[in-house]
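Working notes, beginning with the structure itself.
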2 protein chains.
Amino acid sequence: MSEATLHRRIRAEIAERIRSGAWPPGHRVPSEHELMAAYGCSRMTVNKALAPLAEQGLIVRRRKAGTFVSRPRIHSVVLDIPDIAAEVTARGEAYGYELLGRAARVATSDEAEALGLVRPGRILSLRCLHRAAGRPFGLEERLINLAAVPEAAEVDFAAEPPGGWLLGHVPWTEAEHRISAAHPSKSAATALGLPTTAACLVLDRRTWRGDERITHVRLTFPGDAYDLVARFSPQPG
Amino acid sequence: MSEATLHRRIRAEIAERIRSGAWPPGHRVPSEHELMAAYGCSRMTVNKALAPLAEQGLIVRRRKAGTFVSRPRIHSVVLDIPDIAAEVTARGEAYGYELLGRAARVATSDEAEALGLVRPGRILSLRCLHRAAGRPFGLEERLINLAAVPEAAEVDFAAEPPGGWLLGHVPWTEAEHRISAAHPSKSAATALGLPTTAACLVLDRRTWRGDERITHVRLTFPGDAYDLVARFSPQPG
DNA sequence: GCGTCACATATGTCTATACAAAAAGAAGTC
DNA sequence: GACTTCTTTTTGTATAGACATATGTGACGC
């Protein structure tokens with residue numbers, strides 16, 4: 001499957017034996033010399049096959065002792081955080097977007113803290129409502145650091161959701177996502193048409209370019225509207 | 001930082017320049033020959049440094065064209081879902097565990113559906129409470145498919161949380177995580193000492209080995225107890 | 001029995017070289 | 001001008017050999 005280079009094939013076959021349970025955790029993987037003989041290749045090739053498996057933690061390698069199947073411990077999963085418009089239309093519902101509020105101003109101390117600004121600067125504050133089939137689907141509360149993205153001040157976010165615009169126009173180097181559950185704030189509850197006792201999924205995303213913060217967005221979804229789904233099979237290849 | 005082998009150093013330095021924004025997306029990375037000259041090493045070493053970066057998608061390599069910093073586009077993040085005991089102790093709080101209920105029986109139709117059993121079979125149903133500093137931290141409701149894991153019937157889960165035992169004893173090939181927000185069920189609210197109007201983070205995990213379902217676990221956390229944090233810097237190192 | 005040291009073994013890293021494959025660009029052909 | 005072919009650059013993969021480093025094991029001495 002996939003490409004047919006030797007070291008990938010060796011890696012895939014070993015990973016497969018581990019995944020299938022044929023080699024249980026703790027089982028000894030053949031030594032580089034044995035694999036070298038088995039596949040009729042050089043040790044470098046075997047090493048190139050095994051090194052990524054060790055880096056991913058599928059196997060543990062110890063000098064002199066050998067190579068062993070490690071016990072999976074940490075659940076690290078890949079989570080897709082899709083564009084909201086794409087998510088809604090993927091469900092076959094009509095996507096709607098509405099700009100509820102927009103303000104360009106010098107950041108308040110709260111906003112400066114949320115954006116991690118070291119000194120006060122101008123920010124663009126946006127409140128947007130995303131709808132699915134006419135009903136509120138999620139509330140987006142976004143702060144954009146105008147020092148980092150001055151051109152955002154000129155964009156008409158009443159026509160275009162800021163998420164897509166930023167992704168297309170501003171390269172970012174780092175992002176942090178925080179997923180939690182909470183009751184909506186009073187204003188969020190009003191915008192979403194929910195009681196303040198509702199359970200909401202809250203996704204906070206902070207984005208950097210180098211040391212500079214670009215944006216901070218909080219997406220609030222009614223708990224029954226949206227699930228984040230992550231699939232993980234322990235080894236891409 | 002970390003180990004001082006040459007190829008790791010080269011990799012780290014290039015990743016750093018990309019992360020810092022010094023080399024923006026689309027920027028051309030020096031060719032293998034240039035790096036070889038710059039670091040005074042062989043091309044194999046340069047290649048070993050760059051290959052993992054390409055595999056992770058931080059850079060794009062095209063024959064003849066060269067190597068380029070790729071634009072981060074996908075919003076796919078790596079989420080660590082740690083062991084609850086590890087999570088609690090990492091916060092410096094005392095971890096406590098309590099088995100609230102245990103039943104081995106033929107699956108009800110609801111349970112069979114949750115586990116995706118094609119025909120009715122025996123399951124082990126567990127309810128466990130995880131505590132941090134004495135206070136309820138999360139409720140674990142777990143179904144184990146005894147057809148897939150018969151030895152689970154013999155284990156004393158009053159002494160050991162089932163998550164760790166399963167991870168150590170049963171190899172799995174695929175997992176699906178579903179993250180949502182919801183009010184706790186009546187029984188969950190009671191176990192966690194919450195009102196039924198509380199906002200809870202609910203994590204559903206379903207695990208397979210091949211086509212066979214191993215377990216389905218629902219973890220319910222009080223919204224103020226637990227955040228899932230995902231960091232995406234297009235490069236661990 | 002117990003601690004110590006030497007050796008064998010297995011992985012870790014690196015070099016120098018070789019050929020293959022893809023593709024951009026140049027040159028030649030109709 | 002458009003198409004084909006050739007050349008050259010750059011990455012992809014693999015080999016064989018070398019030395020470094022960690023460590024389990026067993027031999028040795030007490």
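For the numbers below, each heavy atom of this structure counts, side chains included, while hydrogens, waters and symmetry mates do not. Every chain is numbered from 1, with letters handed out A, B, ... down the list of sequences.
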Under 4.0 Å between any heavy atoms, over every strand shown, what does B:L6 touch: base, sugar-phosphate, or nothing? Just pick one.
-> sugar-phosphate

Which atom pair, heavy atoms only, marks the closest approach of A:L166 to A:I214?
-> CD2-CG2, 4.5 Å

Using a cutoff of under 3.5 Å, can you pull out all pairs of nitrogen or oxygen atoms linking the protein to nucleotides 18-22 of chain D, with atom names and distances?
unit_1 : atom_1 : unit_2 : atom_2 : d
D:dA18 : N6     : A:R43  : NH2    : 3.3
D:dT21 : O2     : A:R63  : NE     : 3.1

Might you confirm whether atom CD of B:E98 has over 12 heavy atoms from other residues, nucleotides or ligands at distances under 6.0 Å?
-> yes

According to a strict under-4.0 Å criterion, is B:T67 in side-chain N/O contact with OP1 or OP2 of D:dT10?
-> no

ring-ring contact (aromatic ring centres under 6.0 Å, His included) pairs, two or more places apart, involving residues 131-160 of chain B = B:F137-B:F221, B:F137-B:Y226, B:F157-B:W165

D:dG12 phosphate, OP1 or OP2, under 4.0 Å from B:R61 side-chain N/O | yes

Who passes ring-ring contact (aromatic ring centres under 6.0 Å, His included) against B:H130, sequence neighbours left out?
-> B:Y95, B:Y97

What heavy-atom pair brings A:L58 and A:S70 nearest, and what distance separates the two atoms?
-> O-OG, 3.0 Å

So salt bridge (Lys or Arg N to Asp or Glu O under 4.0 Å) across residues 60-69 of chain B, not counting sequence neighbours, yields B:E32-B:R61

Under a 4.0 Å heavy-atom cutoff, the residues of residues 28-36 of chain B touching DNA chain C are none

A:H27: what forms a ring-ring contact (aromatic ring centres under 6.0 Å, His included) with it, not counting sequence neighbours?
-> A:W23

